[in-house]
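Working notes, structure below.
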There are 2 protein chains.
Amino acid sequence: MSTARGARARARIEVTAAIKDEARRQLAAEGAAKLSLRAVARELGMVSSALYRYFPSRDDLLTALIIDAYDSLGEAAEFAHAEVAAAGPRERWVTVCTAARRWALGHPHEYALIYGSPVPGYVAPQETVPAASRVGLLLIGIVRDAHRGRGLARTPLPAGLKTEAGRMAAELAPDLPAEVVVALVASWAQLYGLIGFELFGQFNKVVEDREPFFRHAAGRLAHDVGLVYPEPGETAGGPHSA
Amino acid sequence: MSTARGARARARIEVTAAIKDEARRQLAAEGAAKLSLRAVARELGMVSSALYRYFPSRDDLLTALIIDAYDSLGEAAEFAHAEVAAAGPRERWVTVCTAARRWALGHPHEYALIYGSPVPGYVAPQETVPAASRVGLLLIGIVRDAHRGRGLARTPLPAGLKTEAGRMAAELAPDLPAEVVVALVASWAQLYGLIGFELFGQFNKVVEDREPFFRHAAGRLAHDVGLVYPEPGETAGGPHSA
DNA sequence: CAAAAACGAGAGCACTGCTCTTGCGCGGGA
DNA sequence: TCCCGCGCAAGAGCAGTGCTCTCGTTTTTG
């Protein structure tokens, strides 16, 4: 069979998983900087050199953890989105953003691993890309649905950005207006600014009651990408002349 | 005299500065994780244990570098702002944002040190606070000027955020409307989301021509805090019905 | 069944942060 | 002016790290 060509192959899968699990444990407990191969091996009752048969270096272990973290975040967001799939685009948007925030608060060190500063001269390998784009794809899908439905509000682009905006749209979502794609990418980045500031303590003594603050900010991001229709009971989030 | 109570005291100041300079060099070259006390000492021609007379631990050295980085960023922003002090609020806003981005691109590892994931279970000590708030104070000042001038557009707050918004305004800028303070804090965090995503490679293959993209996004942040008046030659940045 | 590949164990290298002890030399008080 | 003390540098040492290499053993494969 291909799934179990031998006891050896199965054992390898199990040991690999055990290493990742223990590494994730240490990552969650102490952070990426204190993640030690030797400590992982020790905890698993093996000698440290044996671990190198499974992960050729510490960075490779970290890469595996990064992919898993992206997948875990993506899964959490997709699960939350599925529960409100029938709702309006704006509520779906805020739900996905809130799910990302909740995941980050629950897995701070894993979040720091993927969206914080990259570890020592580390460059994300290509294989992280698909896992990394899951949340982004979710957001694009929501905006696309709104575009095909009631339509989107648009913000005109400055002249100097038009060609780049066209390129971005062609790459990410050719069916969406370029202005919307630009706003989408910016909102996507800004979302992680909000989450990161909360997580890394920048909001200490600044924002105390963070859940409603975040929901409001996420709603305004939705507004920025053109989702201007308020849900029943919500405020629109658009600026009114004072 | 109090400035030079002896050759001893002066030497201490000089050595402390030399340590910080060399540490900053290594930080810029290799990143915070590879900053080594022993390497700093080696480069300075002293033995590693001698360095502990000046900084009791590696974290203390990092803290000093963090404060310096905040100050350097704040200074760059203030300098840029001073050059356009006579311009309209929106241009001043975008200028400060752009200065922050430029500083980050020029000092990636120092930026990562202060706005990336905090190092190993590290919590920022209280003495970093004043240096850390310089850019924020600049932004508040710009919005305040606009508020006293032509006024600001406002976005209504949801009911659940009103009390927290009042608290935030009382703490940060009692003379500004609470809605504006909320938008200001959110935009402040979102600004660093934009910068971080660019710096940490999240925009690879997504945004290529980043300068105009950033300027546009910063302009929309200005719009979000109520600075809706476009400069001559700029687009307003507000959504129009499609 | 034999050759080959995969694997675990152990020793070892070069490095890290940090502590402790030892001895030297400058500086302020008598 | 002398002299004692304190600030300082130096060195050894501890515990830990990532990683490499070798050496038997075990399992898979041709």
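Letters A, B, ... mirror the listed sequences (proteins, then strands); counts begin at 1. Keep in mind it's a predicted model, so treat the numbers as computed, not measured.
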Between [atom2] on [N] and [atom1] on [X], what's the gap in Å once rounded to a whole number?
{"X": "A/E43", "N": "D/dG16", "atom1": "CD", "atom2": "C1'", "value": "16 Å"}
{"X": "A/L51", "N": "C/dG8", "atom1": "CG", "atom2": "P", "value": "9 Å"}
{"X": "A/L44", "N": "C/dA9", "atom1": "CG", "atom2": "P", "value": "11 Å"}
{"X": "A/R12", "N": "D/dT28", "atom1": "CZ", "atom2": "C1'", "value": "14 Å"}
{"X": "A/E30", "N": "D/dG16", "atom1": "CD", "atom2": "P", "value": "14 Å"}
{"X": "A/R8", "N": "D/dT28", "atom1": "CZ", "atom2": "P", "value": "6 Å"}

* Are the side chain of A/R12 and the backbone of A/A7 linked by a donor-acceptor contact shorter than 3.5 Å? -> no
* Please answer whether the main-chain N or O of A/G219 pairs with a side-chain N or O of A/W93 as donor and acceptor at a distance below 3.5 Å. => no
* Touch class at under 4.0 angstrom, heavy-atom based, for A/F55 against every strand present -> nothing
Kindly list each side-chain donor-acceptor pair under 3.5 angstrom involving residues 131-144 of chain A, sequence neighbours excluded, with atom names and distances?
unit_1	atom_1	unit_2	atom_2	d
A/S133	OG	A/V129	O	2.5
A/S133	OG	A/P130	O	3.4
A/R134	NE	A/E78	OE2	3.0
A/R134	NH1	A/D71	OD1	2.7
A/R134	NH2	A/E78	OE1	2.8
A/R144	NE	A/D175	OD1	3.4
A/R144	NE	A/D175	OD2	2.5
A/R144	NH2	A/D175	OD1	3.3

* To do: Report yes or no: do A/S57 and A/D60 form a side-chain donor-acceptor pair below 3.5 Å?
  => yes
* B/E22-B/Q26 side chain donor-acceptor pair, cut-off 3.5 Å -> yes
* Contact state string [nucleotides 12-24 of chain C, B base, S sugar-phosphate only, - no protein heavy atom under 4.0 Å] -> B---BBBBB----
* Answer yes or no: is there an ion pair linking A/R101 with A/E211, defined by an N-O contact shorter than 4.0 Å? => yes
* Counting side-chain heavy atoms from C-beta on, which of C/dA9, D/dG11, D/dC8 comes nearest to B/V47? -> D/dG11
